[in-house]
Number of protein chains: 2
Amino acid sequence: MSATIRDVAKLANVSVATVSRVLNGTAKVNEETKNAVLRAQKELDFHLNSFARTLATKESNTIGVLVSDISDPFFALMIKACDQTARSFKKGLIITQGFYDEEKEIKAIENLLSHQCCGIIAHLLAISDEKLSSYMKKYPYIVLINRRLDGFEDRCVNIDNFNAMKDLTEYLIGLGHKKFVYIDSEFDIADAKERLEGFKQALSNHSLCIDDKYILQTKPYSENAVKTANTLIEMGVDKFSAIVCYNDSIAMSIINVFLNHGIKIPDDVSITGFDDLFFASVIYPSLTTVQNPIEKMGQEAVKLSFARFKKDETFCISEFETKILYRNSVKKN
Amino acid sequence: MSATIRDVAKLANVSVATVSRVLNGTAKVNEETKNAVLRAQKELDFHLNSFARTLATKESNTIGVLVSDISDPFFALMIKACDQTARSFKKGLIITQGFYDEEKEIKAIENLLSHQCCGIIAHLLAISDEKLSSYMKKYPYIVLINRRLDGFEDRCVNIDNFNAMKDLTEYLIGLGHKKFVYIDSEFDIADAKERLEGFKQALSNHSLCIDDKYILQTKPYSENAVKTANTLIEMGVDKFSAIVCYNDSIAMSIINVFLNHGIKIPDDVSITGFDDLFFASVIYPSLTTVQNPIEKMGQEAVKLSFARFKKDETFCISEFETKILYRNSVKKN
DNA sequence: TTGTAAGCGTTATCAC
DNA sequence: GTGATAACGCTTACAA
């Protein structure tokens with residue numbers, strides 16, 4: 001139903017090859033011929049079919065991004081950054097979601113694969129190391145965000161979660177905090193473990209310790225942390241002076257529940273987050289957190305993946321820097 | 001480099017047609033033959049090339065979604081809803097962004113078009129009615145979200161912005177508020193106009209009026225509203241008792257700036273939003289706002305677009321219901 | 001139930 | 001500069 005390159009060729013009285021040349025700018029074409037082609041294109045409202053194009057060139061015009069859930073502001077930010085960089089390569093983004101579930105993550109990968117993406121950036125939580133490794137081996141251009149996978153370190157884009165959380169905790173300790181609660185992510189992945197370890201290291205550096213019952217777990221998105229917040233209130237907020245959270249979303253939920261219970265932040269309890277999502281500076285009180293350079297990571301991940309797709313193995317990246325953002329959810333006395 | 005359907009056929013000792021049948025489940029195949037094919041597929045780690053497939057069938061396995069900016073929680077929510085519904089049709093989503101700019105919006109549409117999407121859902125702000133109409137005419141399956149376009153009413157998925165904002169304003173008036181500020185969107189589109197008109201109607205229904213200097217404009221995402229908040233503070237917050245905002249993002253920013261200036265909400269000033277984004281119930285104080293059924297709208301938009309793509313013009317939708325959510329950013333006395 | 005072969009709409013390699 | 005034409009990898013009549 002839609003016009004094809006042949007229709008344009010016929011109307012412009014040239015060959016399909018010429019039309020292709022004009023439309024792609026891949027070779028010099030006589031100015032007049034060119035105009036004729038352009039006129040015919042306009043008249044027929046013709047667009048190259050990107051599928052036929054990809055089939056012929058074996059290079060799609062898309063880069064694939066796989067995240068757990070687009071509606072999580074963390075991923076939304078990452079995607080936006082990926083999109084920017086993809087654009088600079090004249091590529092579009094195709095986005096799939098894994099929804100924290102191994103089977104869905106695999107489907108999402110397969111989906112991306114079948115799209116001949118010239119680059120894949122994935123944030124995978126649920127899939128096993130073993131299965132993931134097999135994909136990584138088979139498709140050398142897949143790049144991982146926020147996950148460490150043995151044997152593929154050069155394709156894992158990461159921050160130093162351990163030290164970031166250690167530094168944040170030591171900042172709190174320096175402020176005089178001794179009794180902590182730590183809210184961990186329920187998902188069993190590297191970054192969560194590293195953050196928890198960093199937290200514990202800071203305590204032990206200062207001869208402090210924490211009872212396991214003060215290390216709680218929750219899903220790392222906000223709705224789920226409400227229950228945890230209530231648990232804390234039941235425990236009694238006088239039992240601790242600072243709550244260190246795996247991420248901003250958790251911290252935000254807890255702050256909200258606490259404020260609604262008349263618990264003052266930071267006067268009664270201090271709270272910290274991790275990521276510095278857009279709302280962290282905008283909620284009340286503004287959230288002391290760790291700046292996670294997710295945008296830079298997204299950009300570099302796309303560059304790396306695309307370079308590897310084009311067999312350029314020289315491009316490499318190093319760990320990204322984090323920074324503590326000192327705001328108002330922590331009592332400074 | 002990657003295996004093709006022919007390789008699989010050869011290895012399984014069958015024809016390519018049979019392989020296709022097995023992999024697509026499009027026809028009955030002898031159980032043994034089938035297993036042979038599946039084995040061969042596994043051995044070669046073969047995936048159907050979705051481009052070749054689309055080229056042959058003229059139907060891609062994607063539905064296109066066009067939004068202004070994925071990192072806006074409003075759009076993220078919408079996309080998630082679209083994705084769910086698309087999945088139920090065995091379609092994936094391809095997402096492009098328009099970034100509030102006419103040229104970029106057009107590029108984004110063209111991008112989607114060249115992907116042979118079997119359905120397009122678009123949230124377009126910047127493109128002119130005229131250009132948009134020409135696209136709508138040419139591609140009868142494009143469905144618009146949050147925009148009214150003359151002549152295409154049956155393909156515009158909308159809420160009744162006018163009445164929603166009127167009702168919200170009348171609620172405030174009923175609470176005794178008389179002196180208002182209205183923060184409008186800077187973008188010249190229908191929903192913003194409708195909301196403002198609804199607001200004005202409520203005032204006039206109660207013989208109230210508002211000086212134009214109390215109707216301010218800002219970009220409808222949070223960073224930009226900070227300036228506006230400061231303007232309000234300079235004006236003196238004793239000049240008004242309630243601030244009605246075009247959306248939640250604006251409201252949230254203003255609340256934040258105010259709290260940081262020691263202005264109490266809702267004791268000193270009441271504030272309302274619009275949309276009920278995830279943070280609206282979670283910020284402090286929780287935000288009185290209008291529930292925008294964006295998820296339902298996304299779902300129905302996908303259904304409508306896909307139906308129209310398949311030439312089914314019977315599917316139709318009506319306006320979506322909104323609801324005022326009475327929370328704590330409004331003084332109730 | 002299975003195989004053959006003609007598309008699908010491009011690009012790219014040759015000639016001219 | 002330009003034009004034929006063979007891929008690209010799949011689906012789907014049509015035949016067997």
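The chains referred to below are lettered A, B, ... by the order of the sequence lines, with proteins before strands, and numbering in each begins at 1.
- Ring geometry for Y139(A) versus H47(B): interplanar angle of 30 to 60°, hence tilted.
- The interatomic distance linking N49(A) (CG) with dC8(D) (P) rounds to 18 Å, in whole Å.
- Distance from the side chain of V29(B) is smallest for dT2(C) among the nucleotides dT2(C), dT10(C), dT12(D).
- In this structure, D312(A) places its CG atom where more than 12 heavy-atom neighbours from other residues, nucleotides or ligands lie under 6.0 Å away.
- For A17(A), the listed nucleotide lying nearest its side chain is dA12(C); candidates were dG9(C), dA12(C), dC10(D).
- The side chain of T33(B) contributes an N or O atom lying less than 4.0 Å from OP1 or OP2 of dT2(C).
- At the heavy-atom level, T26(A) lies nowhere under 4.0 Å from the strands shown.
- Taking the six-membered ring for Trp and thresholds of 30 and 60 degrees, Y100(B) and F187(B) have nearly parallel ring planes, at less than 30 degrees apart.
- Between K10(A) atom NZ and dG3(D) atom P the separation is 15 Å, expressed in whole Å.
- Atom pair H47(B):NE2 and dC10(D):P shows a separation of 11 Å (rounding to whole Å applied).
- Heavy-atom nearest nucleotides on DNA chain C were determined for A56(A) and for T18(B), and the one closer to the 5' end corresponds to T18(B).
- Atom pair N24(A):CG and dT10(C):C1' shows a separation of 9 Å (rounding to whole Å applied).
- A straight line from CZ of R53(A) to P of dC10(D) spans 20 Å, rounded to a whole angstrom.
- When each of D129(A), D188(A), D191(A) is paired with R147(A), the salt bridge (charged side-chain N to carboxylate O under 4.0 Å, His left out) condition holds for D129(A) and for no other.
- For the OP1/OP2 pair of dG9(C) and a distance below 4.0 Å, the side-chain nitrogens and oxygens of T4(A) include no atom meeting the criterion.
- Between F51(A) atom CZ and dT11(C) atom P the separation is 14 Å, expressed in whole Å.
- Nearest-nucleotide assignment on DNA chain C puts the 5′-proximal partner with V16(B), out of T57(B) and V16(B).
- Under 4.0 angstrom from either OP1 or OP2 of dG9(C) there lies at least one side-chain N or O belonging to K58(B).
- Distances shorter than 4.0 Å separate none of the side-chain N or O atoms of K28(B) from OP1 or OP2 on dT2(C).
- Among the candidates K91(A), K310(A), K90(A), the single residue satisfying the salt bridge (charged side-chain N to carboxylate O under 4.0 Å, His left out) test with E59(A) is K91(A).
- The distance between atom CZ of R6(B) and atom P of dT11(D), rounded to the nearest whole Å, is 11 Å.
- Across the protein-nucleic acid pair, R21(B) atom CZ and dT11(D) atom P stand 11 Å apart, rounded to whole Å.
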